[in-house]
Amino acid sequence: MVSLKQAAEKDDSQLKILFYEGGGESLKSLIPADIKSVSVYIGPEGGFEKQEVELIKEQGGVVATLGSRILRTQTAPVAALTAIMLLTENLE
């Protein structure tokens, strides 16, 4: 297992998205249909620490929200991937 810092430093995707229960931009405003690579960062139960959010932003990432509901760690990645697939027209 690698730390969040190690993962972010080695991440060469076009777009790094950290989903944060404290708010962020909507996926619709962040995801262009022609994007080739996206990294998704989902926090542990209890959420990310503020310094972890800042770490991803320092590495060129953006903070997004999956809406007003707080999702479980097990379901948040599925919801995020489904939304990204829909926005990039990869859900056919």
Side-chain angles (χ1 to χ4, degrees):
M1 185 178 342
V2 299
S3 70
L4 179 64
K5 182 178 181 180
Q6 291 169 322
E9 288 173 347
K10 292 181 180 183
D11 185 347
D12 63 353
S13 63
Q14 284 181 291
L15 180 61
K16 299 175 186 78
I17 303 174
L18 180 134
F19 288 96
Y20 186 49
E21 68 281 355
E25 298 182 53
S26 72
L27 272 180
K28 192 173 186 178
S29 69
L30 295 173
I31 305 278
D34 62 345
I35 195 156
K36 300 295 182 209
S37 61
V38 176
S39 295
V40 173
Y41 293 86
I42 303 287
E45 296 291 335
F48 282 110
E49 303 281 333
K50 288 194 185 277
Q51 63 265 33
E52 292 173 317
V53 175
E54 290 305 314
L55 171 73
I56 295 297
K57 289 166 72 175
E58 289 168 6
Q59 295 295 324
V62 295
V63 179
T65 179
L66 285 171
S68 60
R69 293 174 191 82
I70 303 293
L71 301 175
R72 295 180 58 100
T73 299
Q74 297 90 335
T75 55
V78 176
L81 180 58
T82 302
I84 291 168
M85 289 175 68
L86 182 64
L87 291 168
T88 58
E89 300 177 357
N90 283 296
L91 198 63
E92 297 176 10

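Here the structure is a predicted model, which means the values were calculated and not measured.
Applying the side-chain contact (heavy atoms from CB on, under 4.5 Å) test to V78 and every residue at least two apart in sequence or in another chain returns T82. By the side chain to side chain donor-acceptor pair (under 3.5 Å) test, E45 is found to be paired with T73, residues two or more places apart in sequence or in another chain being considered. Residues passing the side-chain contact (heavy atoms from CB on, under 4.5 Å) test with K28, sequence neighbours excluded: S26, L87. The side chain to side chain donor-acceptor pair (under 3.5 Å) check on S13 picks up D11, S39, with sequence neighbours excluded. Remark: N90 pairs with M85, T88 by the side-chain contact (heavy atoms from CB on, under 4.5 Å) rule, at least two apart or across chains.
Looking at T65, its side chain never comes within 3.5 Å of a backbone N or O of G23 through a donor-acceptor pair. Between the side chain of Q14 and the backbone N or O of I35 there is no donor-acceptor pair closer than 3.5 Å.
At least one side-chain heavy atom of L4 sits less than 4.5 Å from a side-chain heavy atom of I56. Contact check for F48 versus L55: no side-chain heavy atoms found under the 4.5 Å cut-off. Contact of the L81 side chain with the V40 side chain is not registered, since no non-hydrogen atoms from C-beta on lie closer than 4.5 Å.
L71 and V63 fall into different hydrophobic clusters, where Ile, Leu, Val, Met, Phe, Trp and Tyr side chains are chained together by heavy-atom contacts under 4.5 Å. When the side chains of ILVMFWY residues are joined at heavy-atom separations under 4.5 Å, either directly or via intervening members, L15 and L18 end up in two distinct hydrophobic clusters. Grouping the Ile, Leu, Val, Met, Phe, Trp and Tyr side chains by contacts below 4.5 angstrom, directly or via other members, places Y41 apart from F19.
In terms of heavy-atom proximity, A80 sits nearest to L66 at CA-CD2, 4.0 Å.
Atoms OG and CD, on S3 and E9 in that order, are 7.5 Å from each other to the nearest 0.5 Å. Atom CD1 of I42 is separated from atom CD of E21 by 10.5 Å, given to the nearest 0.5 angstrom. Taking CG from L86 and CD1 from I31, the interatomic distance works out to 11.0 Å, rounded to the nearest 0.5 Å.
Applying the salt bridge (charged side-chain N to carboxylate O under 4.0 Å, His left out) rule to pairs touching residues 54-83 yields E54-K57, sequence neighbours excluded.
E89 CD: 12 or fewer foreign heavy atoms inside a 6.0 Å radius.
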